[in-house]
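As the structure lists them, so they are numbered: ligands from 1, and atoms in each ligand from 1.
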Amino acid sequence: MSHSAIYFLVAAIISFPLILWKVHSWVILHHQRQMLKKEHGCKEPSSYHNKDPIFGLDAVWRNYVGWKTNSLLPELTSRYQKYGNTYSLRMGGSRSLSTIEPENLKSILSTNFTSYSFGSKRNNALEPFLGASIFTLSGSDWQHSRAMIRPNLVKDQFVDAEMSTFEKHFGRLLSAIPRDGSEIDLQPLFFAFTLNTSIELLTGQDVHLDHEVSQMFDDAERLIGDQFLLSFIPFRRSRRQYLKACKLCHAWVDRYVLEAIKEHHSQTWKTFTEEDKASGEGKYSLLSELVKETYDVPRIRGELIGMLTAGRETTASALSSLWFTFAKRPDIVQRLRAEVAELGGEKPTFAQLKRMRYLQNTIQEALRLYPPLPANMRTAVEDTILPTGGGPDGISPIFVQKGQLIFYNIFAMHRRQDIYGVDAEIFRPERWEDTSLRPGWGYLPFNGGPRICLGQQFALTEIAYTTVRLLQEFQVMDSRDGSPWQEKWHINCAVKSGCRVSLS
Ligand code: HEM
Ligand SMILES: *[C@@H]1O[C@H](CO)[C@@H](O)[C@H](O)[C@H]1NC(C)=O
Ligand SMILES: *[C@@H]1O[C@H](CO)[C@@H](O)[C@H](O)[C@H]1NC(C)=O
């Protein structure tokens with residue numbers, strides 16, 4: 001016998017028990033899964049007709065084209081109409097699930113929360129930008145982040161009697177809008193406005209931002225989409241561009257982090273006097289609170305960038321969709337003006353905003369039809385069960401295998417006629433006056449369960465305040481753009497054609 005044959009024989013003898021053991025555990029696992037399926041009466045959901053049944057590259061390609069041509073959301077919505085509210089599809093090699101069933105979302109986000117995490121795909125896209133922070137962490141690290149951030153976003157931290165922070169930044173927004181009725185695109189102004197407000201909320205300082213800085217953040221955020229959709233292409237150019245953009249943003253944020261650490265370090269040697277507090281020294285902000293917890297620069301930076309990203313694009317997008325709608329719907333604006341007139345020209349307080357029913361319904365309706373975070377996903381971290389969507393009638397439970405991706409689509413769910421009625425596609429704030437409309441987990445612009453948005457109060461207040469103040473300042477508005485609402489992707493979704501109007 002030759003040497004190589006002996007080696008082969010020995011290798012086979014050694015590895016045989018290993019292979020046997022592998023097969024054995026696979027059989028056991030398979031058996032356990034069959035038992036679980038049987039016990040819960042699980043059935044297969046309907047399945048998307050993949051042209052490429054092995055790698056599912058057709059689905060990846062169609063999503064990519066939809067995304068590049070600003071038509072991904074209608075495309076995804078039509079898939080649910082074709083395949084049902086829950087279906088499976090092959091995308092990039094593995095079989096994923098896709099659902100817009102409120103009961104399933106409740107299970108994923110709340111009752112079976114611990115069975116799911118963000119998964120490596122999402123983190124691979126977000127981590128270079130956000131590092132280890134609330135948007136990428138899970139388990140006890142995430143809980144710790146959430147506990148640090150939460151106190152900064154309670155009402156009393158951003159609302160005072162005069163709504164002074166909002167009013168200050170609103171004044172700057174106002175001075176950027178021409179009063180002579182010439183055309184203006186409000187969308188970029190809303191983005192700058194929410195960036196300015198968020199930075200003050202996070203750092204406690206009125207930071208001067210030049211155009212270059214906001215451009216830097218725009219670049220990084222815009223490139224994140226590519227990281228999601230093209231993650232299967234190694235060494236791609238957009239990855240290098242993305243990493244470069246992240247580095248620039250990090251360097252800018254680090255300046256403030258280091259400053260805050262230095263200040264905190266020197267202050268730990270002295271105790272605050274009442275004058276210090278009155279003069280605003282040691283002002284409460286997310287940054288000053290984080291520095292008390294840790295001097296870990298990348299960690300603090302990650303939380304700050306995460307909050308900035310979460311807080312600004314979403315809110316700016318909601319404001320843009322809202323005003324995009326106003327420009328085309330004088331009937332809504334007229335009803336709103338009547339409500340705003342009750343303030344008698346005074347600036348609104350927090351309590352007054354909350355009491356303005358039509359205003360609140362209008363904002364709620366904008367977040368229904370144009371949710372800033374329209375699509376999302378989770379990964380199962382263990383074998384688990386979805387309560388519904390399986391079988392020919394789509395009501396049996398579905399078995400979910402460890403590692404499986406589940407996509408969910410708020411945009412499509414918010415358009416379900418069986419939840420919102422036959423006019424589900426129409427912008428109609430009055431629908432919320434009907435107390436029999438109780439969508440529950442069928443209405444999720446801010447997510448739900450333990451990871452529900454922490455900035456909801458802040459965002460709703462900022463949107464309501466800005467809207468009322470703009471209506472008070474301008475009596476006439478005309479649309480300068482006849483196109484329908486179309487998506488434009490950054491991390492979130494904004495309006496493709498912007499919000500072009502004339503105001504006087
Ligand atoms: C209209 C505006 C907003 C919308 C539609 C929105 C929506 C959402 C959604 C859907 C999530 C869940 C993401 C996920 O788990 O996959 C989320 C999480 C979060 N949002 Fe918002 N958000 C808005 C504004 C804000 C603002 C202004 C802030 C902060 C100033 C903020 C802070 C956060 C934070 C910290 C989380 C993470 C919570 C966690 O994972 O524990 N959001 N938001
Ligand atoms: C945002 O702040 C910068 C100064 O930091 C200012 O130049 C700009 O006009 C502000 N933009 C808006 C829309 O408030
Ligand atoms: C998930 O929820 C279902 C009920 O919908 C329950 O029967 C099941 O045991 C849960 N699975 C896990 C892994 O917690």
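- Inclusion of Arg451 in the set of residues having an N or O under 3.5 Å from an N or O of ligand 1 is warranted.
- Inside a 4.0 Å radius of atom 9 (O) of ligand 2 there is not any protein heavy atom.
- Scanning the protein for heavy atoms near atom 26 (C) of ligand 1, the closest one is Gly311 CA, 3.4 Å.
- Atoms of ligand 2 found under 4.0 Å from any heavy atom of His208, numbered from 1 in the order shown, are 4 (C), 5 (O).
- Among protein heavy atoms, atom 25 (C) of ligand 1 sits closest to Ala310 O, 3.6 Å.
- Within the 4.0 Å heavy-atom criterion, the part of Pro445 lying near ligand 1 is the backbone and not the side chain.
- Here the protein heavy atom with the shortest distance to atom 5 (O) of ligand 2 is Leu209 N, 2.8 Å.
- Residue Trp142 approaches ligand 1 through these ligand atoms, each under 4.0 Å from one of its heavy atoms: 39 (C), 40 (O), 41 (O).
- In this structure, Lys328 forms no cation-pi arrangement with Phe326, as its terminal cationic atom is not both closer than 6.0 Å to the ring centre and no more than 45° off the ring axis.
- Cation-pi check for Arg329 over Phe427 is not met; the charged atom does not lie both under 6.0 angstrom from the ring centroid and within 45 degrees of its normal.
- In terms of protein heavy atoms, atom 28 (C) of ligand 1 is closest to Gly455 CA, 3.4 Å.
- Of all protein heavy atoms, the one lying nearest to atom 23 (C) of ligand 1 is Thr314 OG1, 3.4 Å.
- Exactly one of Ile419, Leu367, Leu437 qualifies for a side chain to side chain contact (heavy atoms under 4.5 Å, CB included) with Tyr443. That residue is Leu367.
- Under a 4.0 Å criterion applied to the non-hydrogen atoms of Ala192, ligand 2 contributes the atoms 11 (N), 13 (C).
- Side-chain N/O atoms of Thr362 and Arg335 include no donor and acceptor closer than 3.5 Å.
- Between the side chains of Thr314 and Asn492, no donor N or O sits under 3.5 Å from an acceptor N or O.
- The option with the heavy atom closest to atom 35 (C) of ligand 1, from among Met307, Arg312, Gln143, Gln457, is Met307.
- Annotation for ligand 2: atoms under 4.0 Å from non-hydrogen atoms of Arg172 are 14 (O).
- Atoms of ligand 1 found under 4.0 Å from any heavy atom of Asn447 (numbered from 1 in listed order, with element): 10 (C), 12 (C), 13 (C), 14 (C), 15 (O).
- Between Glu101 and Thr99, the shortest heavy-atom contact is N-OG1, 3.2 Å.
- Note: Tyr370 and His414 fail the aromatic proximity criterion, with ring centroids not under 6.0 Å apart.
- Arg378 forms no cation-pi arrangement with Tyr408, by the criterion of a distance under 6.0 Å to the ring centre and an angle within 45° of the ring axis.
- Atom 13 (C) of ligand 2 has as its closest protein heavy atom Leu189 O, 3.6 Å.
- Between Trp432 and Glu430, the side chains place no donor N or O within less than 3.5 Å of an acceptor N or O (distance only, hydrogens not considered).
- Inclusion of Arg146 in the set of residues having an N or O under 3.5 Å from an N or O of ligand 1 is warranted.
- Protein heavy atom nearest atom 6 (C) of ligand 2, with residue, atom name and distance: Asn196 ND2, 4.2 Å.
- Between the side chains of Thr136 and Asn123, no donor-acceptor pair of N or O atoms lies under 3.5 Å.
- Within the 4.0 Å heavy-atom criterion, the part of Leu153 lying near ligand 1 is the side chain and not the backbone.
- Using 4.0 Å as the threshold, Leu195 has no heavy atom nearer than that to any atom of ligand 2.
- The protein non-hydrogen atom at the shortest distance from atom 16 (O) of ligand 1 is Asn376 ND2, 2.8 Å.
- Checked by atom type, the side-chain pair Ser502/Glu183 shows no donor-acceptor distance below 3.5 Å.
- Close N/O approach between Gln456 and ligand 1 is not found [any backbone or side-chain N/O within under 3.5 Å].
- Using a 4.0 Å cut-off between charged side-chain N and carboxylate O, Glu433 and Arg357 make no salt bridge.
- With no hydrogens or angles considered, no side-chain donor-acceptor pair links Gln404 and Ser96 at under 3.5 Å.
- Checked for salt-bridge contact, Lys155 and Asp160 miss the test: no charged N lies under 4.0 Å from a carboxylate O.
- Centroid-to-centroid, the aromatic rings of Tyr80 and Tyr87 come within less than 6.0 Å.
- The proximity of Arg378 to ligand 1, defined as any non-hydrogen pair under 4.0 Å, is limited to the side chain.
- Numbered from 1 in the order shown, with element, the atoms of ligand 2 that lie under 4.0 Å from a heavy atom of Val207 read 5 (O).
- Nearest protein neighbour of atom 18 (C) of ligand 1, counting heavy atoms only, is Cys453 CA, 3.6 Å.
- Numbered from 1 in the order shown, with element, the atoms of ligand 1 that lie under 4.0 Å from a heavy atom of Phe458 read 27 (C).
- The protein heavy-atom contact nearest to atom 36 (C) of ligand 1 is Phe135 CZ, 3.4 Å.
- Here the heavy atom of the protein found nearest to atom 4 (C) of ligand 1 is Phe446 CE2, 3.5 Å.
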